[in-house]
Amino acid sequence: QLQLVESGGGLVQPGGSLRLSCAASGFTLDYYVIGWFRQAPGKEREGVACISSSGGSRNYADSVMGRSTISRDNAKNTVYLQMNSLKPEDTGVYYCAAGKLTTRMVVTTPWARSLYDYWGQGTQVTVSS
């Protein structure tokens, strides 16, 4: 089956770092935009970061800009989200998703969930002391 699998979540102290991974199986990520989303308990799912198929264009939510980096290794069929200086408000389930967005959309408005065709099951990130 076409599948995305997230990993790398866990419990971390405020100010700590995590590196999340999104690995594809059943298809290649070479031609897909990849987005990271998160959902806190009782909250709507929100976009965190996205990256174009080539890796040349990226976008970040204001809440994580300056603290996170999205990257991809197409040879490994994997996308990463490095998060530093983590805050309790970063807590939530983090999902990766693949879609056929244009580069224009990546840099302007990539946050609608309807733009993404494939979704992972999520990995839990908990930031707490």
Nearest non-hydrogen partners of [X] and [Y], listed with the distance:
X	Y	value
Val106	Leu101	CG2-CB, 4.3 Å
Val48	Val64	O-CG2, 3.4 Å
Thr78	Leu29	N-CD1, 4.1 Å
Tyr60	Ala49	CD2-CB, 3.6 Å
Phe37	Ala97	CE1-CB, 4.3 Å
Leu81	Ser68	CD1-CB, 4.2 Å

Check your understanding: For Val33, does its backbone N or O pair with a side-chain atom of Arg72 as donor and acceptor, under 3.5 Å?
Key -> no
Practice item. Please answer whether the main-chain N or O of Asn77 pairs with a side-chain N or O of Asp30 as donor and acceptor at a distance below 3.5 Å. Key: no
Check your understanding: Looking at side-chain heavy atoms only, is the closest gap between Tyr31 and Asn74 below 4.5 Å?
Key -> no
**Study point:** Sub-4.5 Å side-chain heavy-atom contact between Tyr116 and Ile34
**Key:** no
Is it possible for you to say whether [X] and [Y] belong to one hydrophobic cluster, with membership spreading through side-chain heavy-atom contacts below 4.5 Å?
X	Y	value
Met65	Met83	yes
Leu86	Trp36	yes
Phe27	Ile51	yes

Review point. Can you name the one residue among Tyr32, Tyr118, Trp119 that meets side-chain contact (heavy atoms from CB on, under 4.5 Å) with Leu4?
Key: Tyr118
Report all side-chain donor-acceptor pairs from residues 6-24 shorter than 3.5 Å, counting only partners two or more places apart or in another chain.
{"residue": "Glu6", "atom": "OE1", "partner": "Gln121", "partner atom": "N", "Å": "3.1"}
{"residue": "Glu6", "atom": "OE1", "partner": "Gly122", "partner atom": "N", "Å": "2.8"}
{"residue": "Glu6", "atom": "OE2", "partner": "Cys96", "partner atom": "N", "Å": "2.8"}
{"residue": "Glu6", "atom": "OE2", "partner": "Gly122", "partner atom": "N", "Å": "3.3"}
{"residue": "Ser17", "atom": "OG", "partner": "Asn84", "partner atom": "OD1", "Å": "2.9"}

Review point. Can you list every salt bridge (charged side-chain N to carboxylate O under 4.0 Å, His left out) pair that touches residues 89-112, not counting sequence neighbours?
Key: Arg38-Asp90, Arg67-Asp90
Review point. So which pairs with a foot in residues 68-97 pass ring pair (Phe, Tyr, Trp, His ring centres under 6.0 Å), sequence neighbours left out?
Key: none
